[in-house]
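Within every chain, numbering begins at 1; the chains are lettered A, B, ... in the order of the sequence lines, protein sequences first and strands thereafter.
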Amino acid sequence: MAGSSSAVAGSTAPGRNPNRPKYSKFSQQELPACQPILTPKLVITAFTIIGIIFIPIGIASLSASQDVVEISNRYETECIPEGYRSTKDDKIQFIQNPQSNKNCTRTLTVPKHMKQPIYVYYQLDNFYQNHRRYVKSKSDKQLRSPGSESDTSDCKPENNANGMPIVPCGLIAWSLFNDTYSFTRNNYVSLTVNKTGISWKSDREHKFGKGVYPKNFQSGGLIGGGSLVSSIPLSEQEDLMVWMRTAAMPTFRKLYGKIEFDLQANDVIEVSLKNNYNVYSFNGKKRIVLSTANWIGGKNDFLGVAYITVGGICFFLALCFTALYLKKPSRLQDPSYLTWNTNPGPL
Amino acid sequence: MKRYVYINDDDSTKDLYCDNRISNRKYTIVNFLPKNLWEQFSRFMNQYFLLIACLQLWSLITPVNPASTWGPLIFIFAVSATKEAWDDYNRYLSDKKANEKEVWVLRHGIKKHIQAQDIHVGNLVWLCENDEVPCDLVLIGTSDPQGLCYVETAALDGETDLKTRGVIECPSPDKDIRRFDANLRLFPPFIDNDICSLTIKNTLLQSCYLRNTEWACGVAVYTGNETKLGMSRGVPEPKLTAVDAMIDKLTGAIFVFQLVVVIVLGIAGDVWKETEAIKRWYVKYPPEGQWYELLIIPLRFELLCSIMIPISIKVSLDLVKSLYAKFIDWDIEMYDPESGTSSHAANTAISEDLGQVEYILTDKTGTLTENRMIFRRCCISGISYGNESGDAIKDVDLQNAVSTSSPDVIRFLSIMAICNTVVPTKSKSGTISYKAQSQDEDALVNAAANLHMALVSKSGNMIEINYNGSSVQYELLDTLEFTSDRKRMSVVVRDCQNGKVILMSKGADEAILPYSDPGQHTKIFSEAVEQYAQLGLRTLCLAWRELMEDEYREWSLMFKEANSTLVDREWRLAEVCQRLEHNLEILGVTAIEDRLQDGVPETIEMLRKAGVYFWMLTGDKQNTAIQIALSCNLISPEPKGQLLLIDGKTEDEVFRSLERVLLTMRITTSEPKDVAFVVDGWALEIALKHHRKAFTELAILSRTAICCRVTPSQKAQLVELLKSCDYKTLAIGDGGNDVRMIQQADIGVGISGREGLQAARAADYSIGKFRFLKRLILVHGHYSYNRTAFLSQYSFYKSLLICFIQILFSFISGVSGASLFNSVSLMAYNVFYTSIPVMVSVLDKDLSEKTVMQHPQILFYCHAGRLLNPSTFAGWFGRSLFHAIVVFVISMHAYSYEKSEMEEVAMVALSGCIWLQAFVVALETNSFTILQHLAIWGNLAAFYIINWILSALPASGMYTIMFRLCRQPAYWLTMLLIVAAGIGPVLALKYFRYTYTPSKINILQQAERLGGPILSLGNIEPQSRSFEKEVSSLSITLPKSRNSVYEPLLLDSPNSTGRSLGTVTPFDFLQSSSRLSSIYSRDYKTN
């Protein structure tokens, strides 16, 4: 540097060093740490424990699922008169004709004792409630408060009918499922289906407003699914609430009602249903399902099977690792030398 | 362009030049927002995110609320902008402080107090002791009767008289701090002094401090941002690390992958729509769509997949990188108690590159050595002193010669005492201390004083010497300054006793010996030089000549004229000086020792073990450079090592030599032998100019190189050369001549040493001692690399995980581009849930510091891109795909039929992801401190707390969802299943690899944790520890008192840069004969 001459070199002041970094365990990266490594013992133990825990859980889940009694009956084809069954167009013509007789009777046999409450579901297959166009087509605001009646911008193309906002608007509400069921037991006793309390409490209290009444619903050019009684506020339209909890999968069940009565084995249940809902245009399926429930929910073997499988595999892995370990003790056991490769290959 | 500075004449120059307002600010309040946004948007990533965010405003295609992208985007921009604004505000504050500082100026003969920013060009500025110089001044007077003043970094000579009217003719502002070719003309012109030349020595540059001088007065010539300092202040290019480059590459790859996904799914979606969705009356597709109908589904997928590129990665990386830098600043083991300096990371962005260094280019003086010179030996008139004891001052023969007033010895000592720019100052107690421009001069003057030839004072042109108690006076007539081209300095003095005019010269042997009197035999001196050089001592030749009065007078005029040239002054001066410096009588040779810094050989050996290639670039002579290289383990002596010499004076010779060396290097295979090449500045110049390709190949093949007599720009060129071959270079140096190399290298390390802080300021890292380099590279580099590698890949993993789930969901939602997750969850997932636990990976250590230092070889695995390369990335990619499938399949099946409710299933899948990622972080963490546990498990708890809060708000879409889920045993069973199914295989695979194909690091981890001893065999660079013996065979004489710590070393003397005089012969055993020897072959890097 230019004329860099004399010198005020670093003044070495012994004793006090203002520049000396302060010591703390954090700043020196010396926080006490535990450094687990994957020893054979640890890993084999871990897998064994997973196996030991998972297999009992799996068995418990599976037996819980097996305890659930479920009666399922598919009816979308059977409930169409013989003459209309041959082609898809015939079926569509039948279902879309308001004049045709949609009444239908199905007979179910109870295989085992069913404890009340017995849940009545309808199951739809190949129905995409999660389609993007569909799932977005609703207005939470409109459902909640009477003042936001015209808040229908998300509801297209089911937002307006004859220039008036539809309540409840949107494709979901418009396509409301409208098959109805009634039950008789052993040919003479009518079974009452309790249709209250089938929706979520939170939906009744917060999502669907007490002062919101259906308006202009199903009054447009095209009739979709079921209609709503316009004198009942949305907060009491439980079928609508259940329907509007959209399903994540194209196969889903929705609660129709509850039978609060024990059913005995070999009881014969006769279901009188009205087959109103069109699933024929897209080869959908409809079922009626009667099921009990316990801690695991409805009948679903998946968790049990998955637990047993995962637990089994873990056991198997633990065994394999043990065998490998006994047969060929790992090289890690004697790490007293370490050769460094001069030309390490591509790592 | 010239500027005319009218001294103390406000009217003439006031408006012509800017005032002294300094502004380092990048922004103003008005332009901050647009300018900052413009800068941020010039980055590709940000443009991409902006595009995505804009697309999301189109409600037809957006799968989620636009807030989920705008939120993080604005947050990230705000963070960056705030950081910029904060930095700029601090700059503003320091500017303001400097601008508002009160200074004294002279106006119309009255001293006035004004603010520094109001100084105008031409003002007379009055400085008191310890004041900071507010702008570039031409010094016109000081309190010192000799017109001297001292500034903190420079002592400047000045004019004695205070003159108030005149004009300074000076060049337009530039940033060259070594040059100021100006003239001072006074009004009215004095008869004999109409033009007075000014040099850089007459200036006080901005930001220096006035020391040891009561007052000084100067004319402002450059003010504000036009000062030398202001002009040289530039924004350095931001450096990009290898990891950054890799991340960019991977981002590009992910981007391409994303486009493929979008195109495939987009087409599939359109096909499904045309064939299936059209039949589904409840979706109510209009029979006739808009013209853009076909674009909608692909665009939806583009938005859905946009989260593949993690928006948070840059912020996360910036954050952890600044923490790495803090760790370096805080490191107590890199604190140098001797100078009181701690290490400092000025560049916070490149820590992980420290672990990737492949070449270290090191300066010698002050870097490897202490730059503390001690006079050790001398050779006067053919008699060597100090050979026995290793200390000439204690040599009885010399003491006797002094006491008997042997004329040669007297003259020799006089030159030592006089021919320099040292300033003696007498303290009140009567002791004399010296302020020297160079360490060599300091050593010589002190040695002379110890030999009873003490420089007592320099007042005006009078020099007083105290010889054996009697005072001798000399009049200093002229100083022929040292430049790196001339490599010598001379003074012309008049002996006041007999009136003789004497030229005294000292300089490098090749700059003095050729100009000796033809009658004198110089062989004895060149032999002495050779001998001292082999001992690693710095040599200077001293010579003198008596001048005829006429000769001097004639020359003096030419000198004066050359001195006031405005153009090419330096060159003219050199030419004029040359006319005087001939027919010299050589008096002798001095040898000065510089010590190696503590721990230098160990550090070099360790880093060489780690596979780092060391190049030593020095301005020193070949022999001394080789000696130092030997003593600091840079090269091994025969037979382990072999030195190949590249020399030659012409293009042809250099080429042949280069070819020969290259051939030797090429054909030898990788035997454990140390081959290095030596090249000097002259040959290097030719090689770089005409044989760049061959030299590049050589550079790649050779582990070690010694480049001697290289200039600062050649140092930078070498860095450039290695960088152009795509090697990671680290340059380390301490002096101003290393600044260019430091700035050029990927990583510049400055040693805050005795040559000032210039290098340290320009560097990315500054450390107190060379030995801290090993900790910087091995510990900090290693950890930073590991941590960044994990963090960046993990960021991609978690983004891909959630994205794959969305893609899988699209297969069961009619390929319509629906999002499974709601906007809030998506945003929180990226910004909070997954970024916090991974942040504590900055505390992760795969191996303890001790192990890392014991096994420097593991650094090699950083070079190989062990932890971050396309294949490790593919592993993470596969893992995220696997985990996405696990989460998706399990949550869809466990929540099927009557439980299949969108919000619930989405939350199950999301919690599955959170659980999995907590365990993934835990599995990949090598050392758990309390903070890690807190972050990983605390984050999991925080996830539930946040979602419970959200579930408690009736207005949120998730109302009651989380409470419902947490009550179900099936939910917890699902979580457990996801964790076991997701982590189990990963754990098994990791264990299998760890146990049956362990990497070196795994073995070391095992040894460290289980306490087994471990020996490193087969170093990457086997080193001989017995060089000591070999060195002795090389040296002609070896002092008996020599011990291994106190090794005499040579440093670049100020007189040795440029070209060599001739071929250095004594190293025939090092010559690159056709002898074959092993080398470390190294393939060309191919990219």
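Residue B/Asp336 does not touch chain A at all, counting heavy-atom pairs closer than 4.5 Å. Contact annotation for B/Gln932: neither backbone nor side-chain heavy atoms come within less than 4.5 Å of a heavy atom of chain A. For B/Lys899, the part sitting under 4.5 Å from any heavy atom of chain A is the side chain, from C-beta outward, and nothing else. The parts of B/Glu901 that come within reach of chain A are both its backbone and its side chain, each placing non-hydrogen atoms under 4.5 angstrom from that chain. Only the side chain of B/Ile961 comes within contact range of chain A, with heavy atoms under 4.5 Å apart. The parts of B/Asp331 that come within reach of chain A are both its backbone and its side chain, each placing non-hydrogen atoms under 4.5 angstrom from that chain. Heavy-atom distances place both the backbone and the side chain of B/Pro286 under 4.5 Å from chain A. Only the side chain of B/Phe809 comes within contact range of chain A, judged by heavy atoms closer than 4.5 Å. For a residue to count as touching a neighbouring chain, one of its non-hydrogen atoms must lie under 4.5 Å from one of that chain's; by this rule B/Leu931 touches chain A with the side chain only. Residue contact with chain A, scored on non-hydrogen atoms closer than 4.5 Å, is absent for B/Ala906. Contact of B/Leu843 with chain A is made through the side chain alone, with heavy-atom distances under 4.5 Å.
A/Glu205 pairs by the side-chain contact (heavy atoms from CB on, under 4.5 Å) definition with A/Lys201, not counting sequence neighbours. Partners of A/Cys314 under the disulfide bond (SG atoms under 2.5 Å apart) rule, at least two apart in sequence or in another chain, do not exist in this structure.
For the pair B/Lys284 and A/Trp174, the cation-pi criterion (under 6.0 Å, within 45° of the ring axis) is fulfilled.
Your options are A/Pro32, A/Cys34, A/Ser281, and the one with the most heavy-atom pairs under 4.5 Å with chain B is A/Cys34. Most heavy-atom pairs under 4.5 Å with chain A, from the set B/Met334, B/Glu904, B/His933: that is B/Glu904. Of all the listed residues (A/Ile53, A/Asn278, A/Asn283), the one sharing the greatest number of non-hydrogen pairs under 4.5 Å with chain B is A/Asn278. Of the listed residues (A/Glu30, A/Lys299, A/Lys136, A/Lys254), the greatest number of heavy-atom pairs within a distance under 4.5 Å of chain B belongs to A/Lys136. With chain A as the partner, the residue from B/Ala981, B/Pro985, B/Gly817 showing the most heavy-atom pairs under 4.5 Å is B/Gly817. Between chain B and the options A/Trp200, A/Trp295, A/Phe321, heavy-atom pairs under 4.5 Å are most frequent for A/Trp200. When each of B/Ala818, B/Ser816, B/Gly984, B/Gly814 is checked for heavy-atom pairs under 4.5 Å with chain A, B/Ser816 comes out on top. Chain A forms the most heavy-atom pairs under 4.5 Å with one residue out of B/Thr960, B/Val905, B/Thr925, and that residue is B/Thr960. If you tally non-hydrogen atom pairs under 4.5 Å between each of A/Tyr23, A/Phe282, A/Tyr128, A/Tyr134 and chain B, the highest count goes to A/Tyr128. In terms of non-hydrogen atom pairs under 4.5 Å with chain B, the most contact-rich of A/Asn300, A/Val310, A/Thr39, A/Ile296 is A/Asn300.
Rounding to the nearest 0.5 angstrom, the gap separating the OG1 atom in B/Thr929 from the CD atom in A/Gln35 is 10.5 Å. A/Leu42 contributes atom CG, which lies 9.5 Å from atom OH of B/Tyr991 (distance to the nearest 0.5 angstrom). With rounding to the nearest 0.5 angstrom, the CE atom of A/Met249 is 5.5 Å from the OG atom of B/Ser896. Atom CG of B/Asp846 and atom CD1 of A/Ile37 lie 13.0 Å apart (nearest 0.5 Å). With rounding to the nearest 0.5 Å, the separation of CG in A/Leu38 from CD in B/Gln1005 is 8.5 Å. The distance from atom CD of B/Glu898 to atom OH of A/Tyr119, rounded to the nearest 0.5 Å, is 10.0 Å.
With hydrogens and angles disregarded, a donor-acceptor distance shorter than 3.5 Å links the side chain of B/Ser900 to the backbone of A/Ala248. Distance alone, capped at 3.5 Å, is enough to place a donor-acceptor pair between the A/Gln28 side chain and the B/Ile332 backbone. The main-chain N or O of B/Val283 is found under 3.5 Å from a side-chain atom of A/Arg133 such that the two form a donor-acceptor pair. Without hydrogens or angle criteria, A/Asn130 side chain to B/Ile812 main chain gives a donor-acceptor distance under 3.5 Å. Under a 3.5 Å cut-off, the side chain of B/Lys845 and the backbone N or O of A/Gln29 do form a donor-acceptor pair.
Under the 30°/60° scheme for interplanar angles, the aromatic rings of B/Tyr282 and A/Phe127 are found to lie parallel.
Among all heavy-atom pairs drawn from A/His131 and B/Ala277, the shortest one is NE2-CB, 4.3 Å. Residues B/Leu977 and A/Phe54 come closest through the heavy atom pair CD1-CE2, 4.1 Å. Heavy-atom minimum distance, A/Tyr307 versus B/Leu976: OH-CB, 3.2 Å.
Side-chain rings of B/Tyr897 and A/Phe252 stay apart, their centers remaining 6.0 Å or farther from each other. The aromatic ring centroids of B/Trp281 and A/Tyr277 lie less than 6.0 Å from each other. Proximity of the aromatic rings of B/Phe327 and A/Phe26 is defined here by a centroid distance below 6.0 angstrom, and this criterion is met.
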